Amino acid sequence: MSAIDDEMRVEVIPTLPSLDMAVTRQFYGDVLGFNVDIHATDNYLIARKGEIEVHFWLTDNEELCRTTSIYVRGGGVDGLYTEFAAAGVSDLGAYELKPWGMKEFHLLDPHGNLLRFGRIPAEESGSESAAPEDTGQVD
């Protein structure tokens, strides 16, 4: 049984604002490679790529987009960075080790929503290192 079919699974799914659903659908579908055919109306969109699911709702408030972000974490982030770089995603930040111990990159969608991607860096032996200490500080 897949995780999405597990009736007992509880998930948190980010819901981002969109200024234009057609632009959002094109960017997440054609540029980032998400499946955008799950649910798409004039005012709501569901996009999925592997285990990543993001919902979008229509707004005319540009400030909401400029102040909204999500964080995607996991071992598959390396492949996402390679894929996004090969696709020529604009506003793609460098994939680098941050002072808080995570290897991260970010991108902005066409409306200004910030998508941050990160992982715990693998040790040279190939195993995962311990999670970084939570200092409660935001970058």
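As the structure is a prediction and not an experimental result, all values here were calculated from the model.
One distance of note links CE of Met21 with CG of Asn43; it measures 6.5 Å at 0.5 Å rounding. Atom CE of Met102 is separated from atom CD1 of Ile120 by 5.5 Å, given to the nearest 0.5 angstrom.
Taking all atoms of both residues into account, the shortest heavy-atom contact from Leu107 to Phe84 is CD2-CD1, 3.7 Å. Of all heavy-atom pairs between Pro17 and Asn113, the closest is O-ND2, 2.8 Å. The two residues Leu19 and Cys65 have their closest heavy-atom pair at CG-SG, 3.8 Å. Scanning both residues, Pro121 and Gly101, for their nearest heavy atoms gives CD-O, 3.0 Å. Of all heavy-atom pairs spanning Arg48 and Ile38, the tightest one is CB-CD1, 3.3 Å. Of all the heavy atoms in Phe56 and Ala47, the pair that sits closest is CE1-CB, 4.0 Å.
The side-chain heavy atoms of Leu108 and Leu114, taken from C-beta on, include a pair separated by under 4.5 Å. His111 places a side-chain heavy atom less than 4.5 Å from the side chain of Asp20. Contact check for Phe105 versus Leu92: side-chain heavy atoms found under the 4.5 Å cut-off. Under the 4.5 Å side-chain criterion, counting only non-hydrogen atoms from C-beta, Tyr95 is not in contact with Phe117.
Summarising the local packing, CG of Asn61 is surrounded by more than 12 heavy atoms from other residues, nucleotides or ligands at distances under 6.0 Å.
Annotation: salt bridge (charged side-chain N to carboxylate O under 4.0 Å, His left out) contacts of Asp78 (sequence neighbours excluded): Arg119. In this structure Lys49 satisfies the side chain to side chain donor-acceptor pair (under 3.5 Å) test together with Glu83, sequence neighbours excluded. Take Arg66 and apply the salt bridge (charged side-chain N to carboxylate O under 4.0 Å, His left out) test, not counting sequence neighbours, and it matches Glu62, Glu63. Taking Ser18 as the reference, Thr24 meet the side chain to side chain donor-acceptor pair (under 3.5 Å) condition, with sequence neighbours excluded.
When the side chains of ILVMFWY residues are joined at heavy-atom separations under 4.5 Å, either directly or via intervening members, Ile52 and Ile13 end up in two distinct hydrophobic clusters.
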So Ile46 and Glu53, side chain to side chain contact (heavy atoms under 4.5 Å, CB included) or not? Walk me through it.
CA-CA 7 Å; Ile46 297 174; Glu53 183 171 313; 3.9 Å; yes
Tabulate below the donor-acceptor pairs under 3.5 Å that side-chain atoms of residues 25-36 make, not counting sequence neighbours, or state none.
{"unit_1": "Arg25", "atom_1": "NH2", "unit_2": "Asp37", "atom_2": "OD1", "d": "2.5"}
{"unit_1": "Tyr28", "atom_1": "OH", "unit_2": "Asp109", "atom_2": "OD2", "d": "2.9"}
{"unit_1": "Asn35", "atom_1": "OD1", "unit_2": "Asp37", "atom_2": "N", "d": "2.8"}

Got a list of side-chain donor-acceptor pairs under 3.5 Å for residues 68-76, not counting sequence neighbours?
{"unit_1": "Thr68", "atom_1": "OG1", "unit_2": "Leu64", "atom_2": "O", "d": "2.4"}
{"unit_1": "Tyr71", "atom_1": "OH", "unit_2": "Glu104", "atom_2": "OE2", "d": "2.7"}

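The existence of a salt bridge linking Glu11 and Arg9 is confirmed by a sub-4.0 Å separation between a basic side-chain nitrogen and an acidic carboxylate oxygen.
A ring-centre distance under 6.0 Å is found for His55 and Tyr44.
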